[in-house]
Structures are given as C-alpha cells and as structure tokens.
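I am attaching a structure below and will ask some questions about it afterwards.
Source: prediction; values computed, not measured.
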Amino acid sequence: MVTVQYAKGVHLPAADLWLDPRGRKPLAFVSHAHSDHTGRHQQIFCSPLTARLNAARERLDPGRFLTAEFGKKMDFEGWSGTLIPAGHVLGSAQLFFESEEGTLLYTGDFKRHRGLSSEAAGACHAETLIMETTYGLPKYQFPPAEESRRQLLTFCHETMDEGRVPVVLGYSLGKAQEILAAIAGCGFPIMTHPSITKMVAIYAEAGVPMPACASWDPERIAGHVVVCPPNASKALGTLKNCRVATVTGWALDPGTRYRMGVDIAIPLSDHADYDGLLAHVEAVSPKRVLTLHGYAQEFARDLRRLGIEAWALTGPNQMELF
Ligand SMILES: [Zn+2]
C-alpha cells in the first residue's frame with residue numbers, strides 16, 4: 001500500500017508529492033482554490049479551473065501550474081495521477097494516485113450531491129482512501145438541497161415584502177455562486193461584493209449560468225438582494241434595514257444564528273454530510289481509510305466499528321506514518 005505521512009499536509013514520500021500542504025513545497029497537488037488548500041509551491045498539480053481561480057485570487061505565475069483535465073491520466077517519475085471531480089467548488093478535484101506501492105484516492109474537500117455551480121463528484125476504487133471528514137458525526141444529515149434553496153428564496157421574498165434588504169452571506173468562491181444560482185430567478189436585482197464578482201466572471205467564462213450582478217455600492221443596496229462574504233458584511237452593519245442570512249452546513253447546530261449574529265442560518269453545504277461520507281467509502285471500497293479535517297477521529301472510529309481499517313491523520317492521537 002502507498003506510504004502516507006502527515007505533517008501540515010499529506011505527504012507521499014515515494015513520489016515526494018504533497019497533497020494540499022501548508023508551506024511552500026517543490027511539488028503539490030492542490031485540490032481546489034480555497035486559501036486553506038493553496039500555497040506558493042514551485043509546481044502545482046491541479047485542474048485547469050483550479051489553476052485559473054487560484055491564479056486570480058493569489059496572483060500566481062501561470063508557469064507554475066501543471067494541469068490535467070478530469071479523467072486524463074498524467075505520468076510523473078514513478079507515479080501517475082488522474083483527477084476526478086470532487087463536486088465541492090468549480091474545478092475541485094480528487095486525486096487518483098497510482099505507483100508501484102499501490103493505488104490511493106485523495107478527496108480534498110468534496111460533496112456527493114450535485115450542486116448548481118460545480119461538476120458532479122465521481123469516485124473510483126482505490127486501496128487507500130484519504131478523505132475529509134468535516135461533518136463526520138451522525139448528527140450532520142443535511143436536508144435535500146432543494147429544500148434549503150426554497151428556504152433561501154422565501155427569505156429573500158419575505159424580506160423584500162417587509163421593505164427591507166435581504167443580505168445573504170457566503171464565501172466568495174463556491175458558496176456565493178451556489179447562492180447566486182439558487183436565487184437567479186428570484187425576480188429582484190442582485191448586488192455582489194467585488195471578491196464574489198471576480199469569481200463569478202470565471203464561473204461564467206467556464207459556462208456556468210450566473211445571474212447579472214450589480215456593482216458593489218453599500219450606499220445603494222435598497223431594492224437588491226445582496227450577496228457578500230461574511231467578513232464584508234461589517235461594511236453593511238450600519239444599515240439598519242437589512243435582514244441577514246448565512247448559508248452553511250453548520251446551520252444544523254442549534255444556536256448557529258446567534259453565534260454568527262444573523263437572522264437566519266440555512267443548511268446548504270459544499271461538503272458531504274455524514275451519510276455522504278459513508279456513501280463515498282462504500283463507492284471507493286478501500287482496504288484502508290485515512291481521515292482528516294473536522295471529526296476525523298470520530299469518523300475513523302465509526303468506520304472501524306463497521307469493520308473497515310481507518311485512522312485519523314489529524315487530531316490528538318494522530319499517527320505519523322501509515
Ligand atoms: Zn474548500
């Protein structure tokens with residue numbers, strides 16, 4: 001089986017390949033363009049859309065990206081890699097790794113149900129599965145996405161009916177575009193924060209239908225549905241006439257709306273829920289599962305109870321070599 005190490009990023013020593021590492025590395029696979037997964041590595045292996053989004057966000061030289069279309073096997077010295085859609089944000093990829101040691105699938109962040117603005121996730125059999133487990137507790141079962149989108153539309157209409165401004169919070173890459181796709185037909189003009197508008201342009205270029213968005217002007221939000229990242233909402237704080245919704249999987253936790261200081265929390269996530277994590281393990285049918293992020297220890301324990309060899313890469317009892 002493929003030897004795996006963990007040190008602020010997954011390392012496959014036989015190939016000297018890092019998977020979503022922190023710190024600068026000679027060669028890294030970057031699963032998607034969220035900043036907690038990217039870095040200024042010498043060479044970055046990723047999908048063409050991740051390269052485009054990552055370069056736009058961090059002003060990276062395009063020469064450092066090695067890109068591969070989904071499903072196209074790329075050969076390196078002693079190993080090969082094939083990218084499989086992860087369904088998390090546009091361009092997000094899982095890496096199917098093959099070498100003399102064996103096969104391995106690394107998910108990065110993923111969700112199995114298809115969103116409105118990203119590719120449908122895939123899966124393939126591998127001996128080792130390294131997976132994210134953000135929502136790795138049984139209590140995290142998301143309602144159908146369609147139900148949450150309806151809830152979001154209802155929030156927009158009711159707020160407008162009250163003569164107030166609906167403000168919807170979502171991260172600028174991925175969540176904001178899911179929100180925009182969900183409210184595209186709401187009948188109200190939409191205004192987006194510049195960090196979102198920049199990403200929307202890349203989504204539209206890639207062929208994802210996106211609604212027209214008015215230029216950001218906090219003085220002129222009346223009559224618009226406003227979509228902005230959580231950290232930008234402070235700029236709107238002085239405007240008393242807003243109602244604020246946040247769109248996150250953590251909405252399932254009681255008290256989220258108070259903790260986040262918003263009027264409503266809507267459970268729509270770009271990660272797999274607990275059943276989605278289990279379904280992915282079943283689809284990949286691995287001999288060994290290594291978990292990371294979120295409830296890694298707890299999900300690994302649940303898998304062991306199901307008779308599957310599983311260990312957490314992160315957490316207090318993490319092992320260093322697998
Ligand atoms: Zn992410």
Side-chain angles (χ1 to χ4, degrees), residues 1-46 50 54 76-84 86 88 92-111 123-137 271-272 274 276-278 280-281 284-306 308-322:
M1 282 204 275
V2 177
T3 306
V4 176
Q5 291 174 323
Y6 186 83
K8 293 183 182 170
V10 178
H11 185 220
L12 309 181
D16 196 17
L17 173 67
W18 289 83
L19 312 177
D20 287 336
R22 311 303 295 165
R24 195 165 188 259
K25 305 293 180 195
L27 173 61
F29 166 69
V30 168
S31 60
H32 64 291
H34 279 155
S35 56
D36 55 338
H37 291 255
T38 59
R40 305 186 82 81
H41 312 298
Q42 283 170 31
Q43 285 202 300
I44 299 170
F45 181 38
C46 63
T50 293
N54 192 359
F76 293 84
E77 210 176 313
W79 64 279
S80 67
T82 309
L83 304 191
I84 296 172
H88 172 60
S92 62
Q94 303 172 73
L95 173 65
F96 179 60
F97 173 95
E98 296 170 272
S99 74
E100 276 184 0
E101 286 187 318
T103 58
L104 176 150
L105 183 69
Y106 169 75
T107 66
D109 290 347
F110 77 102
K111 79 167 178 297
C124 69
H125 169 67
E127 287 172 347
T128 299
L129 169 62
I130 304 179
M131 67 190 302
E132 65 110 341
T133 50
T134 303
Y135 291 105
L137 292 182
H271 291 265
Y274 186 81
L277 295 173
L278 285 177
H280 209 56
V281 174
V284 176
S285 185
K287 290 186 179 144
R288 170 183 71 164
V289 180
L290 305 175
T291 58
L292 74 168
H293 303 311
Y295 295 98
Q297 300 276 328
E298 292 84 348
F299 192 74
R301 182 201 58 210
D302 286 0
L303 290 179
R304 290 196 297 274
R305 284 178 181 158
L306 294 171
I308 298 165
E309 185 189 337
W311 304 101
L313 286 172
T314 52
N317 304 312
Q318 75 180 58
M319 294 170 72
E320 287 179 345
L321 192 64
F322 293 84

Shortest non-hydrogen contact between G108 and S31, atoms and distance: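 In terms of heavy atoms, the two residues are closest at CA-OG, 3.8 Å.
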Heavy-atom closest pair, residues A14 and E101: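 Taking A14 first and E101 second, the nearest heavy atoms are CB-OE1, 3.7 Å.
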Nearest non-hydrogen partners of A312 and A300, listed with the distance: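 Looks like N-CB, 3.9 Å.
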Shortest non-hydrogen contact between V289 and M131, atoms and distance: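 V289 and M131 have their closest heavy atoms at CG1-SD, 3.7 Å.
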Identified side chain to side chain contact (heavy atoms under 4.5 Å, CB included) counterpart of W311 within the set R304, R301, Q297: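 Looking at R304, R301, Q297, the match for W311 under the side chain to side chain contact (heavy atoms under 4.5 Å, CB included) is R304.
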Exercise: identify the closest heavy-atom pair between S92 and H32: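 That would be CB-CB, 3.6 Å.
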Check: Q5 main-chain N/O paired with H11 side-chain donor or acceptor under 3.5 Å: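 Looks like no, no N/O pair under 3.5 Å.
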Minimum side-chain heavy-atom gap V30-H41 below 4.5 Å: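 Yes; the side chains approach each other to less than 4.5 Å.
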Exercise: identify the closest heavy-atom pair between G78 and S99: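 Shortest heavy-atom separation between G78 and S99 comes out as O-CB, 3.5 Å.
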Rounded distance [0.5 Å steps], CD in E132 versus CG in D109: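 Answer for the CD-CG pair, E132 versus D109, is 4.5 Å.
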Pairwise distance CG(L129) to OH(Y106) - rounded to 0.5 angstrom: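 Here the interatomic distance stands at 11.5 Å.
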H280 vs Q94 side-chain heavy atoms within contact, under 4.5 Å: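 Yes - at least one pair of side-chain heavy atoms lies under 4.5 Å apart.
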Side-chain heavy-atom pair E127, R288 within 4.5 angstrom cut-off: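 No - every pair of side-chain heavy atoms lies 4.5 Å or more apart.
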H37 NE2 to R22 CZ distance, which is reported to the nearest 0.5 Å: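 Here the interatomic distance stands at 8.5 Å.
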Check: T133 and L292 side chains under 4.5 Å, non-hydrogen atoms: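 Heavy-atom side-chain distance check fails, nothing below 4.5 Å.
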Validation row: L278, L303 side chains within 4.5 angstrom (heavy atoms):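 Heavy-atom side-chain distance check passes, below 4.5 Å.
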Heavy-atom side-chain contact between V10 and F29 under 4.5 Å: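 No; the side chains remain at least 4.5 Å from each other.
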4.5 Å side-chain heavy-atom contact, D16 and W18: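 D16 reaches W18 side chain to side chain.
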Reported OG1-to-CG distance for the pair T291 and L277, which is rounded to 0.5 angstrom: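 Interatomic distance, T291 OG1 to L277 CG, rounded to 0.5 Å: 10.0 Å.
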Interatomic distance, E98 atom CD to L105 atom CG [nearest 0.5 angstrom]: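 Those atoms lie 11.0 Å apart.
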Side chain to side chain contact (heavy atoms under 4.5 Å, CB included) partner of F299, the single match among T134, L137, V281: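 Considering T134, L137, V281, a side chain to side chain contact (heavy atoms under 4.5 Å, CB included) with F299 is found only for V281.
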Reported CG-to-OG1 distance for the pair L95 and T82, which is rounded to 0.5 angstrom: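 These two atoms lie 8.0 Å from each other.
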Side chains of Y6 and L290 in contact at under 4.5 Å (non-hydrogen atoms):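 No; the side chains remain at least 4.5 Å from each other.
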Verdict with reasoning, C46 to N54, per side chain to side chain contact (heavy atoms under 4.5 Å, CB included): CA-CA 10 Å; C46 63; N54 192 359; 5.9 Å; no
Chi angles and distances behind the side chain to side chain contact (heavy atoms under 4.5 Å, CB included) call for L19, F97: CA-CA 11 Å; L19 312 177; F97 173 95; over 6 Å; no
Parallel, tilted or perpendicular: ring planes of W79 versus F76, cut at 30 and 60 degrees: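 Because their plane-to-plane angle is under 30°, the rings of W79 and F76 count as parallel.
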